[in-house]
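Beneath this line is the structure, given in structure tokens, with notes to follow.
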Amino acid sequence: MIMKKIILLLVVFFCAFDSFAQQDTTLVSNRPDGRLQSTYAILHQMLRDTEPACTFKAGMTKKQYGKWQKKLKEGMKAVMKWPEVKNQPQPALVSVEQKEGYRIEHWECYPLEKAVAPFLVMIPDGCTAKTPAIMCIPGSGGTMEALTEGKGMGITYVKEGWIAVCVDNACAGEQADQENKYPDSWDYDYDLSSRILLELGWSWLGYTSFVDYQILQWMKTQPLIDKSRIVVSGFSLGTEPMMVIGVMDKDIYAFVYNDFLCQTQERALSMTAINEKGRRIFPNSIRHLIPDYWREFNFPDVCCALAPRHLIFTEGGLDRDFRLVLEAYQSAGAPDAVECHHQKRFAEPSSRVDYQSLPEGLTRSEYFEMVNVDTKAHYFKRDLILPWLRKILK
């Protein structure tokens with residue numbers, strides 16, 4: 001076991017060393033006064049020096065945790081910039097389709113003036129009242145319709161006897177633009193709309209979480225739904241709006257985080273290798289750009305704020321970040337309400353290195369290797385999620 005860890009450390013070291021060897025020294029000053037000339041290097045240093053205002057600190061008492069949690073929620077409100085909703089009509093039922101063992105209701109809500117956001121509600125046959133409900137948020141390129149088919153989240157949950165409410169991410173599926181004119185399209189253009197949202201002082205995540213929040217409020221009014229047992233299940237990109245509405249709505253009972261956990265600020269600092277075109281890579285597209293987000297928190301901090309409600313992670317990350325979330329749940333008095341799972345390849349502790357920080361100059365593949373992520377094993381982890389949900393919703 002020890003030898004395996006040593007070998008893994010050496011591999012990562014030489015990979016990182018090779019990356020550093022291929023790039024210039026613009027991130028390090030060669031001047032006697034220590035000043036930087038490259039604009040990128042200057043901004044990179046600014047990011048290094050930024051400590052988010054709502055960073056979770058281990059060792060908080062329950063009272064301290066409560067104050068910190070409120071502070072993070074206020075930070076989230078400021079960053080998401082949700083508009084005030086006034087005089088909008090209630091969601092309307094568009095159509096109903098009966099399937100074997102359940103029905104699919106096609107609804108639409110009206111989050112803004114002249115705006116429509118469709119969503120699907122899957123209801124098991126025989127459902128009368130007070131049934132647990134799960135909001136299902138797909139990943140990039142996914143659609144609410146896909147969640148109702150095959151091994152998707154929605155159909156998986158409804159076959160367990162729960163109500164599944166399936167939504168589209170902004171710009172995808174029925175909320176897409178020209179892409180829906182082409183059969184079986186999944187390559188949705190998130191970036192164009194994200195650019196407009198940023199120019200308007202908003203963000204893609206601010207908009208899509210705002211829409212999901214309106215649907216969540218509607219869910220709590222439905223007679224068939226047990227509003228004390230509402231779960232939000234996010235896959236990949238869908239974990240981001242899941243975290244936002246989780247912070248903003250204390251009534252959510254549990255969360256399914258089907259992606260790896262990372263510190264987004266650290267990811268941008270570490271993944272700085274130069275590609276074949278002489279350009280530095282960036283870990284995410286413009287749809288992930290939320291002004292002031294890094295000034296307030298990282299993903300682990302936001303997950304820390306979900307305590308004491310139930311939470312499951314299914315696709316790993318650094319043990320360091322999991323420990324932080326476990327500390328938060330301890331501070332909130334609910335140490336048993338969170339479960340942390342790694343992907344199969346990294347399930348054994350001997351297959352992981354317990355990094356406290358990551359080096360800079362990493363390529364995308366080097367980064368994923370260091371944070372214990374097998375990109376080929378990124379899928380809906382029903383084998384972990386269903387037993388966990390059965391237990392907490394019993």
Side-chain angles (χ1 to χ4, degrees), residues 91-109 111 116-128 131-176 179-188 190 208-209 211-216 218-219 222 224-226 229-242 245 252 254-259 314 378-386 388-390 393:
L93 177 62
V94 177
S95 64
V96 179
E97 182 180 5
Q98 183 64 45
K99 298 284 189 177
E100 186 177 350
Y102 62 92
R103 68 180 182 273
I104 300 179
E105 297 181 349
H106 195 144
W107 288 76
E108 59 182 33
C109 72
V116 175
F119 61 99
L120 301 176
V121 182
M122 305 178 74
I123 303 174
D125 289 350
C127 180
T128 54
T131 301
I134 305 175
M135 174 180 278
C136 305
I137 312 177
S140 180
T143 65
M144 63 184 184
E145 286 84 4
L147 296 176
T148 71
E149 303 166 349
K151 295 183 178 180
M153 277 193 279
I155 193 167
T156 297
Y157 294 146
V158 80
K159 286 186 175 181
E160 288 287 321
W162 306 315
I163 294 172
V165 177
C166 304
V167 302
D168 273 329
N169 285 313
C171 308
E174 293 186 25
Q175 295 185 58
E179 308 97 304
N180 268 348
K181 294 181 179 179
Y182 302 93
D184 303 319
S185 174
W186 63 270
D187 189 18
Y188 297 109
Y190 300 90
T208 200
S209 62
V211 173
D212 290 346
Y213 183 81
Q214 306 311 312
I215 296 171
L216 177 66
W218 171 87
M219 289 172 64
Q222 298 308 292
L224 292 180
I225 292 177
D226 181 353
R229 291 293 183 274
I230 291 177
V231 180
V232 181
S233 180
F235 175 74
S236 196
L237 178 64
T239 60
E240 296 186 28
M242 180 207 77
I245 62 177
I252 299 172
F255 305 90
V256 175
Y257 191 110
N258 201 149
D259 200 357
T314 67
H378 183 42
Y379 58 89
F380 178 53
K381 298 296 189 300
R382 54 188 293 154
D383 57 326
L384 295 173
I385 295 165
L386 287 181
W388 180 77
L389 282 174
R390 290 173 191 140
L393 293 176

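Computation of the quantities below employed the complete heavy-atom set of this structure, encompassing side-chain atoms and omitting hydrogens, waters and symmetry-equivalent molecules.
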- line: Value for NZ (Lys381) from CG (Asp259), rounded to nearest 0.5 Å, stands at 9.0 Å
query: Quick one: side chain to side chain donor-acceptor pair (under 3.5 Å) pairs with a partner in residues 157-168, sequence neighbours left out?
result: Tyr157-Ser233, Glu160-Arg390
query: Which heavy-atom pair separates Cys136 from Leu147 by the least distance, and what is that distance?
result: O-CD1, 3.5 Å
task: Taking atom types as modelled, find out whether Asn169 and Gln175 have a side-chain donor-acceptor pair closer than 3.5 angstrom.
output: no
query: Going from OH on Tyr102 to CD on Glu97, what distance comes out if it is rounded to the nearest 0.5 angstrom?
result: 8.0 Å
- prompt: So do Val96 and Glu105 actually touch side chain to side chain, heavy atoms under 4.5 Å?
  reply: yes
- prompt: Counting distance only, does the side-chain N/O of Thr239 pair as donor-acceptor with the main-chain N or O of Phe235 below 3.5 Å?
  reply: no
task: Can you run down the salt bridge (charged side-chain N to carboxylate O under 4.0 Å, His left out) pairs that involve residues 131-150, sequence neighbours left out, and say none if there aren't any?
output: none
- prompt: Quick one: CD1 on Ile245 to CD1 on Ile137, what's the gap to the nearest 0.5 Å?
  reply: 4.5 Å
Non-hydrogen atoms of Thr156 and Arg382 that approach each other most closely: OG1-NH1, 3.2 Å
message: Between Ser140 and Leu237 (side chain of the first, backbone of the second, donor and acceptor by atom type, cut-off under 3.5 Å), is there such a pair?
response: no
pair His106-Met144: side-chain heavy atoms closer than 4.5 Å: yes
message: Looking at every non-hydrogen atom in both residues, tell me the closest pair between Val211 and Pro111 and how far apart they are.
response: CG2-CG, 4.1 Å
message: Less than 4.5 Å apart, side chain to side chain, heavy atoms only: is that true for Val232 and Asp212?
response: no
task: To the nearest 0.5 Å, tell me how far Gln98 CD sits from Ile123 CD1.
output: 10.0 Å
message: Quick one: does any side-chain atom of Asn258 pair with a main-chain N or O of Tyr379 as donor and acceptor, under 3.5 Å?
response: yes
query: Looking at Val121, Val165, Leu120, which hits side-chain contact (heavy atoms from CB on, under 4.5 Å) with Trp107?
result: Val121
query: With sequence neighbours left out, what residues match Tyr213 under ring pair (Phe, Tyr, Trp, His ring centres under 6.0 Å)?
result: Trp82
message: Which heavy atom of Gly154 sits nearest to which heavy atom of Met122, and what is that distance?
response: C-SD, 3.6 Å
statement: dist Ile215:CD1 -> Met135:CE (nearest 0.5 Å) comes out at 5.5 Å
Inter-residue atom distance Met242.CE - Ser209.OG, 0.5 Å rounding: 12.5 Å
field: Exercise: identify the closest heavy-atom pair between Gly173 and Thr143
entry: CA-CG2, 3.7 Å
- request: Compare all side-chain heavy atoms of Ile134 with those of Val256 and state whether any distance is below 4.5 angstrom.
  value: no
